**Student:** 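I'd like to ask some things about the structure below.
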There are 2 protein chains.
Amino acid sequence: MKQPKFRNMEEFAAASGISRPTVSKYFNDPDSVRPSTRNRIEAALEKYDYRPNMFAMNQNRKLTKNIGIVVPYLADPFFAEIARNLQERCILAGFQPTLFSAHGKQAFENDILDSLRSLKPAGVLMAPLGRRNSDRSEIEKFCKDVPTILFDSNIDGVGEAFVGSDNVSFVSQTVDYLTRTGESPCFFEMTEPANPNAFKRHDAYLAKMEQLGLEPHLIRVEGQGWDFERVGYLGGLSVLDKGLLPTRTVLCSNDRLAIGFLAACYERGVRVGHGVENGLRVASHDDHPYARYTCPALTTAAHDYEVVSRRAVESLFELIESGGSLGQRKETLVTPRLVLRASA
Amino acid sequence: MKQPKFRNMEEFAAASGISRPTVSKYFNDPDSVRPSTRNRIEAALEKYDYRPNMFAMNQNRKLTKNIGIVVPYLADPFFAEIARNLQERCILAGFQPTLFSAHGKQAFENDILDSLRSLKPAGVLMAPLGRRNSDRSEIEKFCKDVPTILFDSNIDGVGEAFVGSDNVSFVSQTVDYLTRTGESPCFFEMTEPANPNAFKRHDAYLAKMEQLGLEPHLIRVEGQGWDFERVGYLGGLSVLDKGLLPTRTVLCSNDRLAIGFLAACYERGVRVGHGVENGLRVASHDDHPYARYTCPALTTAAHDYEVVSRRAVESLFELIESGGSLGQRKETLVTPRLVLRASA
DNA sequence: ATAAAATTTTTACGCGCGATAATTTTTGAA
DNA sequence: TTCAAAAATTATCGCGCGTAAAAATTTTAT
């Protein structure tokens, strides 16, 4: 059984036989004290179980050990997964990450920026709602105050760096694959996407088709918000019922749309799959955690979650160590990899 | 354009013509000052844009406005959805929620408790990893220090109250429905579930079958961790290939298992659906956000997210207002509702 | 109008820790 | 052993705000 807790650092320092400023230094950075004293402090820590008051700690520190992680929509498993990854890396580096989700709404995103300011974070990792949905001027102001790395979705010139997957490569790989193995695809997308990467993929599809000397076909379905599966499902039903598919190969802008589209195909009895007689081929982008459990399993281009999150955190630490400015805004694009499954 | 920010409350108070202690009172509880002075402060707030330093604020306050929300696994859309719901409610009530995920690991869960202590939260909403996976004694100690409401998964006697869905009712409804519309189901589950509700559902299945005078059949598949879809998929393949299904009606312990199982059925060409010739019927529990996009769409019993989150937050506020103890530990079980789709 | 009640102002202290400067001790190399 | 560099100690402030008590003011009731 451990000693009753101390009321403050003074008492703990006394009990461990070290002066308070040294203990304070230790908590700020354990490596900043001599190994022998570090051991003594850690021995006392084992014995007595004391934790500094984080409010008092952060009040006067120029730089806290807090890190903010902001995602646009946490109920999207893609963001849940990458947020988990980022959090773990921050903790391992001795920081204390706090997770925020804008839940798809600009008002929340702005509220989060306010909350973040009062956290006085050493740095922020932010995946914004995107160019069209974020309040650019607010985010810009925020990035002037707080060292911020954008990830997943870029806003030109905002933040000290950007790390994300290469949307052009996503589309290029899938279109290439589909074209080589059969008919080239039409592109299934939302008319008003919530996800900003959708625009880049749209452009990349048109460019790639032009490069290949092929005629592009866009299938644009109605719907807004973040309920992509629903949009893909309803749009899919409508497209199938009206016979609007210009090709038998469909490339969806993202996996969540594809999940809905495949559900629509199943419901209408439309067969889907690579090598399926008279079947549709369906492919997509992201490698959503559920992409391998669709029917049939989804051929898609996969984010390299591991590399994206590692690079983002590395960039942030570099930024923090540099004192808040990197001089040059750096954009890192991680190359996705094609994952072949049964759907195309 | 707003004034350059003030360095502290003193300056803001001076600029707004109110004394600092009164301003302090206002930030602690806007209703504790006279309406006329409240208006004056809020007018100044509009004009000058000042926010109190949250670290200095919380340092001496006995009770902060912080609320901790802890879930076992944020990448599970069920928890993502309910966390979102809880967060919104807390914000509306003027609290500042902070979200934590244990990522399925006991060590993380314990770390979170430590972080929470130093947040000095007014209260905590916690969905623990569960009786078998949580460190009961640690959570118990924590609940003694911090007013805590458990939700989703109960640990007997721990916390001031529990709010969750009624697992018995889940199973009772699905078994009843399946039995009335055809053959009664076998029960598809994991041998070592990560999710504690699985045990309750297991027991409820056996009890229900006994009550109906029917013979229960358990199909228990190997696998551990939180990758339920994978477990359901691999287990499904194995069961189908070995012809181990005792009945043509399968009730899965939860939707994520069912998603994997349905993928296995699809891959093996096993037809599934209500009214499908020679088809399997598959049903489940939770109404996972993706349950309507499986192939076929999943018949399931649905959590009432809305009610569970509302009740949990209500209980917490009651607990906070009562000063940290309700006297009697209250357990609230919300009744799920059957959602009929194509799979059964 | 006057007394009583409610609210605000004034004044002052303390919280727990970060930070600094001056002093003393320890370390490690010559 | 000697001495300079490195580290720890002592002493002392200040941060921004909560909080408490007493005095002054405003509001409400009579």
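Note that the structure is a prediction, hence the values are computed from the model and not measured. Proteins get letters first, then strands, A, B, ... in listed order; numbering begins at 1 in each.
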**Student:** Kindly assign one of parallel, tilted or perpendicular to the pair A:F317 and A:F95, based on the angle between their ring planes and the thresholds 30° and 60°.
**Tutor:**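 A:F317 and A:F95: parallel rings.
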**Student:** Rounded to whole angstroms, how far apart are CD on A:Q59 and P on C:dG18?
**Tutor:** 11 Å
**Student:** Rounded to whole angstroms, how far apart are CZ on B:F55 and P on D:dG16?
**Tutor:** 13 Å
**Student:** A:E11 has an atom CD; how far is it from atom C1' of C:dG16, in whole Å?
**Tutor:** 11 Å
**Student:** Using atom CG of B:N53 as one end and atom P of C:dC15 as the other, report the distance to the nearest whole Å.
**Tutor:** 19 Å
**Student:** Expressed in angstrom and rounded to an integer, what is the separation of A:N8 atom CG from C:dG16 atom C1'?
**Tutor:** 6 Å
**Student:** Strictly below 4.0 Å, heavy-atom distances to any atom of DNA chain D: list the hits from residues 19-35 of chain A, or just say none.
**Tutor:** A:S19, A:R20, A:P21, A:T22, A:V33, A:R34
**Student:** Could you check B:R51 against B:S36 and say which one's nearest nucleotide on DNA chain D is further toward the 5' end?
**Tutor:** B:R51
**Student:** Could you check whether A:N53 and B:Q59, counting side-chain N and O atoms only, form a donor-acceptor pair closer than 3.5 Å?
**Tutor:**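 Not at all, the side chains of B:Q59 and A:N53 share no donor-acceptor pair under 3.5 Å.
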**Student:** May I ask you to check whether A:Y73 and A:F78 place their ring centers less than 6.0 Å from one another?
**Tutor:**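 Centroid separation for A:Y73 and A:F78: 6.0 Å or greater.
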**Student:** Taking the nucleotide of DNA chain C with the nearest heavy atom to each, does B:G17 or A:M57 sit closer to the 5' end?
**Tutor:** B:G17
**Student:** Has the side chain of B:E81 got a donor or acceptor atom that lies under 3.5 Å from a matching backbone atom of A:A75?
**Tutor:**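 No, B:E81 side chain to A:A75 backbone: no donor-acceptor pair under 3.5 Å.
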**Student:** Could you work out which one of C:dG18, D:dG18, D:dC15 sits closest to the side chain of A:M9?
**Tutor:**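 Closest of the options to the side chain of A:M9: C:dG18.
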**Student:** Using whole Å, what does the distance between atom C1' of nucleotide C:dC17 and atom CD of A:E10 come to?
**Tutor:** 10 Å
**Student:** I need the CZ-P distance between B:F6 and D:dG16, as an integer number of Å.
**Tutor:** 14 Å
**Student:** A:Y50 vs A:F27 aromatic rings, parallel, tilted or perpendicular, using cut-offs 30° and 60°?
**Tutor:** perpendicular
**Student:** Once the angle between the rings of B:Y48 and B:F6 is folded into 0 to 90°, is it parallel (under 30°), tilted (30 to 60°) or perpendicular (over 60°)?
**Tutor:** perpendicular
